[in-house]
Amino acid sequence: MNIQVGVGSFKELEFFLKEGAREFYCGLSYIPSHVEGTSNFKNIYEIIKADRIIKKEKKNFFFTANEIDSSAFKKTIDAILKLHENGIDGFIIKDLSLLEEIKNKKIRPFLILSTLSMCLNSKTALFYKKNYRIKRIALCEQITPEESKKIIEIAETEVFLKHRESCRNFNGLCFLSCHGPKTTPCLKTYNETFTMPGFSREENLKHLYRYYKYGTKILKIGRSPLGELSRVIFFEAKNILNILKNSKNEEEFLKHSLKFTKEYDKVYKKLSVKYGFIC
Amino acid sequence: MLEKAIQLTPFDRISPTELKKFDRVYIGSNFCSNLIPKISDIIRLKDLGVKNITVSTPFLTDNDFNKTIKLIKESLKIISKIEISANDIGLIDKIKEIKGLDILLARPISHDWLRMNPKSLKKFLKRFRIKYVETDEEYMVKRFKDAKINFSFHYPLEYLSMSRICPFERKINDALCEYRCLNKNIVELKETGRKDVIYLKNNAYFKKNIPVKTKNIKRTVLFYYGQKI
């Protein structure tokens with residue numbers, strides 16, 4: 001399992017290249033890509049320049065355009081064509097109409113189906129694969145490894161480090177008033193005692209172990225609006241992958257990874273105080 | 001003429017007299033896989049004299065997908081015409097050629113589709129033989145008022161969010177369900193110090209909305225939560 005990390009500047013790219021990330025992805029501020037307030041490259045030419053740096057290291061670079069917005073449709077397809085022409089490896093897409101347009105343009109980039117596309121079963125995975133040549137699927141955060149098994153057999157897959165980066169509710173189809181890590185209505189308490197449920201840390205780590213065993217290839221680190229936070233998550237992911245590779249079984253992995261992630265909680269706590277996000 | 005429908009889960013019990021106030025009954029859930037109806041639920045509705053039935057389906061795992069296909073096939077043996085309200089693109093693609101079946105694009109995936117450019121949206125609706133787009137968004141209905149796209153409008157609850165980790169059971173939907181959500185039809189959730197309310201029904205969160213009247217709304221769907229009809 002390799003790490004894919006979101007980058008929004010040359011400084012970030014240099015940092016994560018040095019630290020051994022295998023894949024990179026980025027967005028552009030004028031192309032909708034779901035994460036509010038995240039850092040983005042300034043323009044296409046910066047992305048092309050970043051791609052050349054990444055190619056020198058024989059690593060991969062993807063561009064994300066995974067939010068639907070009809071007003072940005074033309075701009076989005078133009079950006080995709082320009083980046084494809086300049087050799088970027090592929091695109092992370094959610095929207096059916098964008099996939100259809102890419103197909104109509106008769107280009108064949110490496111396409112990753114965004115986790116926001118709600119692909120929860122193998123028939124849906126096959127639909128995307130057959131109709132749009134999807135090569136990889138970012139697995140929906142709300143399904144289990146057992147439920148994903150057939151999808152993993154059909155396409156390459158990637159998962160987030162879910163105990164740090166996942167939504168309580170269906171990401172992409174959540175319209176609670178959430179504007180980044182400082183608001184998160186899903187983490188608040190209602191009626192004095194009610195909280196919106198999510199997978200526990202233990203469940204998320206167990207999932208990671210099983211995804212690894214079932215053949216998921218990529219562990220993905222999201223583009224955080226706070227650069228410092230991305231770095232901390234990256235280091236945590238790197239260390240957890242080491243534990244994963246060195247554990248004899250699930251039980252051993254859980255024992256060590258749970259202990260390890262609790263240590264990391266202290267760092268997140270400090271950052272949450274510094275930046276005011278809910279942790 | 002505007003068709004009036006009611007959305008029930010398989011566990012809702014309302015009197016035949018009340019059912020008669022509606023032209024159509026939706027059974028199931030667009031949000032929870034534990035509320036996919038059984039064939040006995042379809043038979044019960046038929047026996048109660050319901051002529052027009054829509055089966056509501058959520059996003060589907062492989063297990064739920066097979067169950068849903070089986071339900072559709074069995075339903076068509078009992079009634080000659082049925083509607084499926086579907087979120088899952090794999091399911092929509094699979095059932096689009098089945099005779100006797102009308103397909104509705106369900107909430108919440110319709111929220112996404114309605115943000116496509118209108119030309120692409122129309123193309124996809126045609127390709128997948130989608131009869132109505134189901135929505136609860138007044139703004140979007142009005143935006144498409146001249147686009148010859150027909151809607152069914154859900155009220156009085158507008159979708160906000162959903163989870164497969166059930167807020168009542170506190171575990172994932174595929175686990176054995178004790179249907180704790182049925183003890184409380186609807187829960188008002190209020191954050192301390194704030195006035196706005198979120199409504200929890202089954203495994204989804206909503207806010208209130210009211211039905212709108214525009215020529216492209218062909219049907220209204222009342223979401224039943226134990227209220228007086």
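Here the structure is a predicted model, which means the values were calculated and not measured.
- Between the OG atom of A:Ser97 and the CZ atom of B:Arg115 there is a distance of 13.0 Å, given to the nearest 0.5 Å.
- For B:Leu200, the part lying near chain A is the side chain, with the backbone staying farther off; criterion is any non-hydrogen pair under 4.5 Å.
- A 6.0 Å sphere centred on NZ of B:Lys148 holds no more than 12 heavy atoms belonging to other residues, nucleotides or ligands.
- Per-residue heavy-atom pair counts under 4.5 Å with chain A were compared for B:Arg127, B:Lys123, B:Arg194, and the maximum is reached by B:Arg127.
- Between A:Phe175 and B:His111 the shortest side-chain heavy-atom distance falls below 4.5 Å.
- More than 12 heavy atoms of other residues, nucleotides or ligands shown are found within 6.0 angstrom of CD on A:Glu250.
- For the pair B:Lys94 and A:Phe127, the minimum side-chain heavy-atom distance is 4.5 Å or more.
- For B:Tyr205 against A:Pro197, the heavy-atom pair with the smallest separation is OH-CD, 3.8 Å.
- For A:Gln142, the parts lying near chain B are the backbone and the side chain together; criterion is any non-hydrogen pair under 4.5 Å.
- Chosen from B:Ser161, B:Pro108, B:Ser120, the residue pairing most often with chain A at heavy-atom distances under 4.5 Å is B:Ser161.
- A 4.5 Å side-chain heavy-atom check between B:Thr192 and A:Tyr190 finds every atom pair outside the cut-off.
- Between B:Lys190 and A:Asn191, some side-chain heavy-atom pair lies under the 4.5 Å cut-off.
- Contact annotation: the side chain of B:Ile172 approaches that of A:Glu147 to within less than 4.5 Å [non-hydrogen atoms, C-beta and beyond].
- Counting heavy atoms of neighbouring residues, nucleotides and ligands inside a 6.0 Å radius, atom NZ of A:Lys74 does not exceed 12 of them.
- Side-chain contact annotation: B:Asp62 with A:Ser122, donor-acceptor N/O pair under 3.5 Å present.
- When the shell of 6.0 Å around CZ of A:Arg133 is examined, it contains 12 or fewer heavy atoms from other residues, nucleotides or ligands.
- In this structure, B:Arg170 forms a cation-pi arrangement with A:Phe194, its terminal cationic atom sitting closer than 6.0 Å to the ring centre and no more than 45° off the ring axis.
- Within 6.0 Å of NZ in B:Lys67 there are more than 12 heavy atoms belonging to other residues, nucleotides or ligands.
- Atom SG of A:Cys174 sits about 8.0 Å away from atom CG of B:Leu160, to the nearest 0.5 Å.
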- Task: Please step through side chain to side chain contact (heavy atoms under 4.5 Å, CB included) for the pair A:Met118 and B:Ile89, ending with a clear verdict.
- Result: CA-CA 9 Å; A:Met118 309 301 153; B:Ile89 188 68; over 6 Å; no
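- There is no contact between A:Leu126 and chain B, counting heavy-atom distances below 4.5 Å.
- For chain A, the option among B:Val187, B:Asp93, B:Asn203, B:Ile165 with the highest count of heavy-atom pairs below 4.5 Å is B:Ile165.
- For B:Ile92, no part lies near chain A; criterion is any non-hydrogen pair under 4.5 Å.
- Across all their heavy atoms, A:Ser70 and B:Arg143 have their closest contact at OG-NH2, 3.2 Å.
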- Task: For the pair A:Leu96 and B:Met116, evaluate side chain to side chain contact (heavy atoms under 4.5 Å, CB included) and give the outcome as yes or no after the intermediate values.
- Result: CA-CA 8 Å; A:Leu96 262 181; B:Met116 276 181 197; 3.9 Å; yes
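- Residues passing the side-chain contact (heavy atoms from CB on, under 4.5 Å) test with A:Tyr30, sequence neighbours excluded: A:Leu28, A:Ile44, A:Lys75.
- Contact of A:Asp69 with chain B is made through the backbone alone, with heavy-atom distances under 4.5 Å.
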- Task: Kindly determine whether B:Phe59 and A:Leu173 satisfy side chain to side chain contact (heavy atoms under 4.5 Å, CB included), including the steps that lead there.
- Result: CA-CA 12 Å; B:Phe59 288 112; A:Leu173 285 173; 3.5 Å; yes
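- With a 6.0 Å radius and a threshold of 12 heavy atoms from other residues, nucleotides or ligands, A:Lys103 has its NZ atom above the threshold.
- Between the side chain of B:Ser163 and the main chain of A:Asn169, no donor-acceptor pair closer than 3.5 Å is present.
- Taking each heavy atom of B:Thr61 and A:Asn121 in turn, the nearest pair found is C-CB, 3.7 Å.
- Nearest heavy-atom pair across A:Met196 and B:Ile198 is CE-CD1, 4.4 Å.
- Taking a cutoff of 4.0 Å between a charged side-chain nitrogen and a carboxylate oxygen, A:Lys94 and B:Asp112 qualify as a salt bridge.
- Within 6.0 Å of the CZ atom in A:Arg108, the count of heavy atoms belonging to other residues, nucleotides or ligands does not exceed 12.
- Proximity to chain B is absent for every atom of A:Ser117, based on heavy atoms less than 4.5 angstrom apart.
- Looking at A:Tyr128, the atoms closer than 4.5 Å to chain B (heavy atoms on both sides) all sit in the side chain, from C-beta outward.
- Salt bridge status for A:Glu203 with B:Lys171: absent, with no side-chain N to carboxylate O gap under 4.0 Å.
- Counting non-hydrogen atoms of other residues, nucleotides and ligands closer than 6.0 Å to CD of A:Glu192 gives a total of 12 or fewer.
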- Show the numbers, then the answer: is there a side chain to side chain contact (heavy atoms under 4.5 Å, CB included) between A:Glu141 and B:Arg164? CA-CA 10 Å; A:Glu141 294 162 12; B:Arg164 283 192 73 232; over 6 Å; no
